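Since we're looking at a predicted model, the values are computed, not measured. Residues: numbered from 1 along the sequence shown. As a basis for the values below, the full set of heavy atoms in this structure was taken, side chains included, without hydrogen atoms, waters or symmetry mates.
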Amino acid sequence: MKKINTIILGLCFTAISFGQSALKPEESQLKALIIKSFDEIWSELNSKNINKFYTKDFLLLENGEVWNNDTIAQYLDKAILKKPMPTRVNTIEIIDVKVSNGTAWIAYKNQAEFTVDNKIIRKAYWLESATAILTENGWKLDMLHSTRVKNE
């Protein structure tokens, strides 16, 4: 009887450890999704990358405003025309990631540093959360909520 209990207990722990490791690749994919979306959309000011990272019905909620993909594209297309165009470097600190049944939410701190001619002209800080869904093309963001944090 003790052998059976030991075997059952061992199987339970093995199943639990497999279940936990199964989430790790998804968490890594979601962290990469957040980082790449900011680098390839917001740093590059590239509206063509919107569909790569955002769902068709994506919403950005920031400072009391609601933006969709069209609003974002218009902003980016206008911003890229400004001269001199600052370089934006993002620093993303993931707070937590939760994944369940093809959906996920991610909480993170976002810092952007803007430079022109290697001189910092502005720093911005946000506390953000995002939701993502698993599509046939991989994870895509369907909502991002951003709260501005006062500069440190």
Side-chain angles (χ1 to χ4, degrees), residues 13-152:
F13 283 123
T14 302
I16 289 170
S17 68
F18 282 133
Q20 289 176 345
S21 65
L23 288 181
K24 298 248 186 248
E26 289 177 327
E27 289 177 9
S28 294
Q29 292 168 4
L30 290 158
K31 290 176 184 179
L33 176 68
I34 294 292
I35 293 166
K36 287 181 180 181
S37 70
F38 275 98
D39 288 345
E40 294 183 31
I41 294 173
W42 298 99
S43 290
E44 294 178 12
L45 299 175
N46 190 341
S47 61
K48 291 182 174 103
N49 286 331
I50 289 172
N51 293 329
K52 182 177 177 181
F53 297 102
Y54 297 166
T55 60
K56 290 181 191 230
D57 60 348
F58 174 84
L59 289 179
L60 167 61
L61 309 173
E62 182 169 5
N63 293 332
E65 295 182 15
V66 179
W67 290 22
N68 60 27
N69 290 342
D70 291 337
T71 314
I72 295 166
Q74 290 169 9
Y75 171 85
L76 296 171
D77 293 344
K78 185 177 175 183
I80 201 162
L81 300 175
K82 293 181 181 176
K83 301 292 180 211
M85 190 173 83
T87 300
R88 174 180 171 154
V89 176
N90 304 296
T91 303
I92 308 287
E93 179 187 338
I94 302 293
I95 298 168
D96 202 359
V97 177
K98 301 285 185 200
V99 181
S100 177
N101 300 321
T103 62
W105 68 258
I106 308 101
Y108 56 96
K109 295 177 183 177
N110 184 1
Q111 176 183 332
E113 190 172 89
F114 301 87
T115 59
V116 172
D117 297 327
N118 294 319
K119 294 179 184 171
I120 298 170
I121 60 168
R122 182 173 157 237
K123 288 184 180 183
Y125 303 88
W126 300 270
L127 179 61
E128 298 179 333
S129 61
T131 59
I133 59 170
L134 186 57
T135 71
E136 61 187 29
N137 298 318
W139 289 99
K140 286 196 175 193
L141 297 168
D142 61 349
M143 195 275 303
L144 192 154
H145 185 258
S146 181
T147 302
R148 224 44 205 278
V149 177
K150 290 185 180 181
N151 290 351
E152 296 174 354

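Checking Thr55 against Asp57 by side-chain atom types alone, a donor-acceptor pair falls below 3.5 Å. No side-chain N or O of Thr115 forms a donor-acceptor pair with one of Asn118 less than 3.5 Å apart.
Between Phe114 and Pro86, the shortest heavy-atom distance links the atoms CB-CB, 4.3 Å. Residue Thr147 comes nearest to His145 through the heavy atom pair OG1-CE1, 3.7 Å, listed as atom of the first residue, atom of the second, then distance. Between Lys123 and Glu113, the shortest heavy-atom contact is CE-OE2, 3.2 Å. Residues Asp77 and Ser47 share a closest heavy-atom pair of OD1-OG, 2.9 Å. Among all heavy-atom pairs drawn from Ser146 and Trp126, the shortest one is OG-CD1, 3.0 Å. Residues Ala104 and Leu30 approach most closely at CB-CD1, 3.4 Å, considering heavy atoms.
Rounded to the nearest 0.5 angstrom, Gln111 CD and Glu93 CD are separated by 10.0 Å. Distance check, rounded to the nearest 0.5 Å: OH of Tyr108 to CD1 of Ile34 gives 4.0 Å. Here OG of Ser129 is found 8.5 Å from CG of Leu61. Values are rounded to the nearest 0.5 Å. Rounded to the nearest 0.5 Å, atoms CG (Leu144) and CD1 (Ile72) are 8.5 Å apart. Distance check, rounded to the nearest 0.5 Å: CD of Glu44 to CG of Asp39 gives 7.5 Å. A distance of 10.0 Å separates CZ in Arg148 from CD in Glu128, rounded to the nearest 0.5 Å.
Put simply, the side chain of Lys56 never gets that close to the backbone of Asn69: no donor and acceptor are under 3.5 Å apart. Here the side chain of Asp117 pairs no donor or acceptor atom with the backbone of Lys119 at under 3.5 angstrom. A donor-acceptor distance shorter than 3.5 angstrom exists from the side chain of Ser43 to the backbone of Arg88, with no hydrogens or angles considered.
Leu60 has its side chain out of reach of Tyr54: every pair of non-hydrogen atoms, C-beta onward, lies at least 4.5 Å apart. A 4.5 Å side-chain heavy-atom check between Ile50 and Phe58 finds every atom pair outside the cut-off. The closest side-chain heavy-atom distance from Thr131 to Thr103 is not below 4.5 Å. Residues Ile106 and Lys31 are not in side-chain contact: their nearest non-hydrogen atoms beyond the backbone lie 4.5 Å or more apart. Side-chain contact between Asn90 and Ile35 is absent, with no heavy atoms from C-beta onward closer than 4.5 Å.
Between Trp67 and Trp42, the ring planes lie tilted relative to each other; the angle falls in the 30° to 60° range.
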Criterion side-chain contact (heavy atoms from CB on, under 4.5 Å) on Glu26 and Trp139, from CA distance to verdict: CA-CA 9 Å; Glu26 289 177 327; Trp139 289 99; 4.0 Å; yes

Audit row: Asn46, Glu40, side-chain contact (heavy atoms from CB on, under 4.5 Å) steps and yes/no: CA-CA 7 Å; Asn46 190 341; Glu40 294 183 31; over 6 Å; no

